[in-house]
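Remarks on the structure that follows.
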Amino acid sequence: MDQIAITGGAQLEGEIPISGAKNSAIKLMAASLLSDEPLRLTNMPRLADTRFLGRLLHRLGTEVTESQNGAGPETVLHTPEIVSAFASYDLVRKMRASFNVLGPLIARTGHAKVSLPGGCSIGARPVDLHLKALEALGASIDLHEGYVYAQAPRGLKGAEISFPFVSVGATEHTLLACVLAEGETVISNAACEPEIEDLADCLNAMGAKVCGAGTPTIRVTGVAHLHGATHAVVPDRIEAGTYAMAAGMAGGEVTLTGVRPHHIAILLDKMEEAGVQVTRGNGSCTLKRNGARLRAVDLSTDPYPGFATDLQAQFMALMTLADGESVIRETIFENRFMHAPELSRLGADITVSGGEARVRGVGGLEGAQVMATDLRASVSLVIAGLAARGDTVVNRVYHLDRGFERLEAKLSACGARIRRLSDDEEG
Ligand code: UD1
């Protein structure tokens, strides 16, 4: 298994181009199942997760064509016909978001058999809200031996769906299912993440009638068919926020390009509070820190526009070097502090109790061997390694490859001493 080796201490100077958002790209790819015409996605990130979903879609009948031209990386997905409405346990277990093919398969063919995703390292992550929404739209759902058997032979029907709490995945899944339903669907207490707006924009470009995406109430008037379209994937706010914190941690001056600073507004405010200089541009953002010690800042994760849970681990890494104590509350996932003991291996002083972590800043971190436990946790170890004295080796980097495109290349272009050790080089 590959490792990432970092020699800490180098300041970062330069530009980092931000890729298209992984979390959006995989839902947009699932949307391509809704039409028999091609969907062309530009600004596509090339990641383990997008490749994996491409292979699953191929089994369902999608021709997936990747290309790279002057305008950047793009993928064309074309499903003239669904050849199979089955997604096995092996496929869904490896990537939870594969479960999102269920709604489009029912909408297009009237039936589907898709594995339940099971748990994952950051918590139980049930899909009860997804299934209730599909039932409200008229699908009959049976669960047997870990599989969802769904039927809607006469098609889906619009419904009023009110979520008891905000779920990004359930909001997206409902949208994917109801755009082809007969009549109007109203989704209340919908998630407001930029990826939801991106999905709605893409569906509208395909001929859907979705209003209000990005607000808690989304109204959808069903249409009989969707057609082909071209859509640019929204910039990855989690990747952008991560590199912003890498710059804050290592020091220096980094400009992020191809980014929408308002999508990481709360993070940028918190970074300013912590003492990082932030310049917000139109499509770019510059982070600068020269010498002065960071200040401790508290935070609580929340649904958008609150502080993203996917940036919590990285912010904790940043706070390990701040002056004072920072209290970090995780409110979205119950088991999302697995990076804390790994950061402690680098010399951080962190105590976790329930959904709260107390981080008492230390004067410096020291390189060590650490273990990646999930996608966002693993990148927090990388950015901590950039600021630690000596060598840090991050194990299990396949987690990183799921969501960070050309991580080592982007950081080393700014002067970081980071490289990948493939199997035969490992110590
Ligand atoms: C998505 C993102 C993930 C991010 C998360 C929250 C993707 C591929 N992943 O995950 O990176 O961390 O949003 O911003 O886009 N829940 C239920 N029942 C359900 C659905 C969710 O109880 O049917 C719970 C979850 O366990 C969790 C909370 O609701 O505690 C929020 O989860 P949700 O917003 O659905 O996250 P995901 O869509 O899985």
Side-chain angles (χ1 to χ4, degrees), residues 20-31 45 47-50 52-53 56 92-103 114 116-136 141 143 148 161-177 187 189-199 216 233-234 236-239 241-242 263-264 266-267 300-315 329-339 355 373-380 399-400 402-404:
K22 171 193 86 95
N23 282 356
S24 201
I26 52 187
K27 317 301 166 52
L28 299 170
M29 290 173 77
L47 298 164
D49 273 12
T50 50
F52 181 81
L53 186 57
L56 164 59
V92 182
R93 174 181 62 86
K94 287 198 189 117
M95 190 179 78
R96 270 183 67 79
S98 312
F99 186 68
N100 278 319
V101 300
L102 176 63
V114 173
L116 287 163
C120 75
S121 58
I122 59 173
R125 292 181 94 177
V127 286
D128 52 325
L129 300 186
H130 299 231
L131 297 178
K132 281 196 186 118
L134 293 172
E135 279 182 326
I141 304 274
L143 304 181
V148 179
I161 295 165
S162 179
F163 289 120
F165 53 89
V166 171
S167 161
V168 175
T171 303
E172 290 166 337
H173 207 161
T174 307
L175 264 181
L176 284 167
I187 309 172
N189 204 16
C192 301
E193 269 67 3
E195 293 75 25
I196 310 269
E197 245 183 296
D198 199 37
L199 176 60
V233 181
V234 69
D236 196 320
R237 65 197 165 97
I238 305 303
E239 188 198 22
T242 299
H263 286 169
I264 47 170
I266 303 262
L267 168 71
S300 172
T301 61
D302 273 309
Y304 191 84
F307 193 98
T309 173
D310 287 353
L311 292 171
Q312 178 259 105
Q314 301 87 314
F315 199 82
R329 284 185 61 230
E330 172 58 55
T331 71
I332 311 286
F333 293 111
E334 75 266 30
N335 190 19
R336 213 174 196 182
F337 284 136
M338 283 170 309
H339 41 284
T373 50
D374 71 66
L375 172 55
R376 309 306 177 184
S378 49
V379 84
S380 76
H399 288 295
L400 282 174
R402 290 189 41 214
F404 288 90

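These numbers come from a predicted model, not from an experiment. Whatever order the structure lists them in is the order used to number ligands and atoms, beginning at 1.
Note that CZ of F337 and CD of Q312 are 4.5 Å apart. Values are rounded to the nearest 0.5 Å. Here the CG-CG distance, from L131 to L102, works out to 7.0 Å after rounding to the nearest 0.5 Å.
At under 3.5 Å, not a single nitrogen or oxygen of E334, backbone or side chain, sits near a nitrogen or oxygen of ligand 1. Residue D128 has at least one N or O atom closer than 3.5 Å to an N or O atom of ligand 1. Here's the thing with G169: one of its N/O atoms is less than 3.5 angstrom from an N/O atom of ligand 1. Distances between N or O atoms of F165 and those of ligand 1 include no value under 3.5 Å. Inclusion of L129 in the set of residues having an N or O under 3.5 Å from an N or O of ligand 1 is warranted. Polar contact with ligand 1: absent for R376 (N/O pair, distance under 3.5 Å).
Distances from ligand 1 to the non-hydrogen atoms of H173 include no value under 4.0 Å.
Those atoms of ligand 1 with a heavy atom of R336 less than 4.0 angstrom away are 12 (O). Interface atoms of ligand 1 facing T309, defined by a heavy-atom separation under 4.0 Å, are 6 (C), 12 (O), 14 (O). Residue-ligand proximity, V127 to ligand 1, at heavy-atom distances under 4.0 Å covers atoms 19 (C), 23 (O).
Between R336 and D310 there is a salt bridge, with a side-chain nitrogen of the basic residue lying less than 4.0 Å from a carboxylate oxygen of the acidic one. Under 4.0 Å is where a charged nitrogen must lie from a carboxylate oxygen, and between K27 and E172 at least one such pair does.
Judged by distance alone, with hydrogens and angles left aside, the side-chain atoms of T174 form no donor-acceptor pair with the main-chain N or O of A133 at under 3.5 Å. Panel note: side chain N189, backbone S162; no donor-acceptor pair is recorded below 3.5 Å.
Among G403, P126, P303, S167, the residue whose heavy atom lies nearest to atom 19 (C) of ligand 1 is P126.
Counting heavy atoms closer than 4.0 Å to ligand 1, residue V168 contributes atoms from both its backbone and its side chain. Of all the heavy atoms of Q312, none lies under 4.0 Å from any atom of ligand 1, so neither backbone nor side chain is involved. Contact annotation: for D310 versus ligand 1, heavy atoms closer than 4.0 Å belong to the side chain alone. At a heavy-atom cutoff of 4.0 Å, ligand 1 is contacted by the side chain of K27 but not by its backbone. Neither the backbone nor the side chain of Y304 has a heavy atom within less than 4.0 Å of ligand 1. For I332, heavy-atom contacts with ligand 1 shorter than 4.0 Å involve the backbone as well as the side chain.
Between the side chains of N100 and H173, at least one donor-acceptor pair of N or O atoms lies under 3.5 Å.
In this structure the side chain of L267 never reaches within 4.5 angstrom of the side chain of Q314, judged on heavy atoms. H399 places none of its side-chain heavy atoms less than 4.5 Å from the side chain of T373.
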- Query: Taking it one step at a time, do R237 and E195 satisfy side chain to side chain contact (heavy atoms under 4.5 Å, CB included)?
  - Reply: CA-CA 10 Å; R237 65 197 165 97; E195 293 75 25; 2.8 Å; yes
- Task: Go through L116 and V92 one step at a time and tell me if the side chain to side chain contact (heavy atoms under 4.5 Å, CB included) criterion holds.
- Result: CA-CA 7 Å; L116 287 163; V92 182; over 6 Å; no
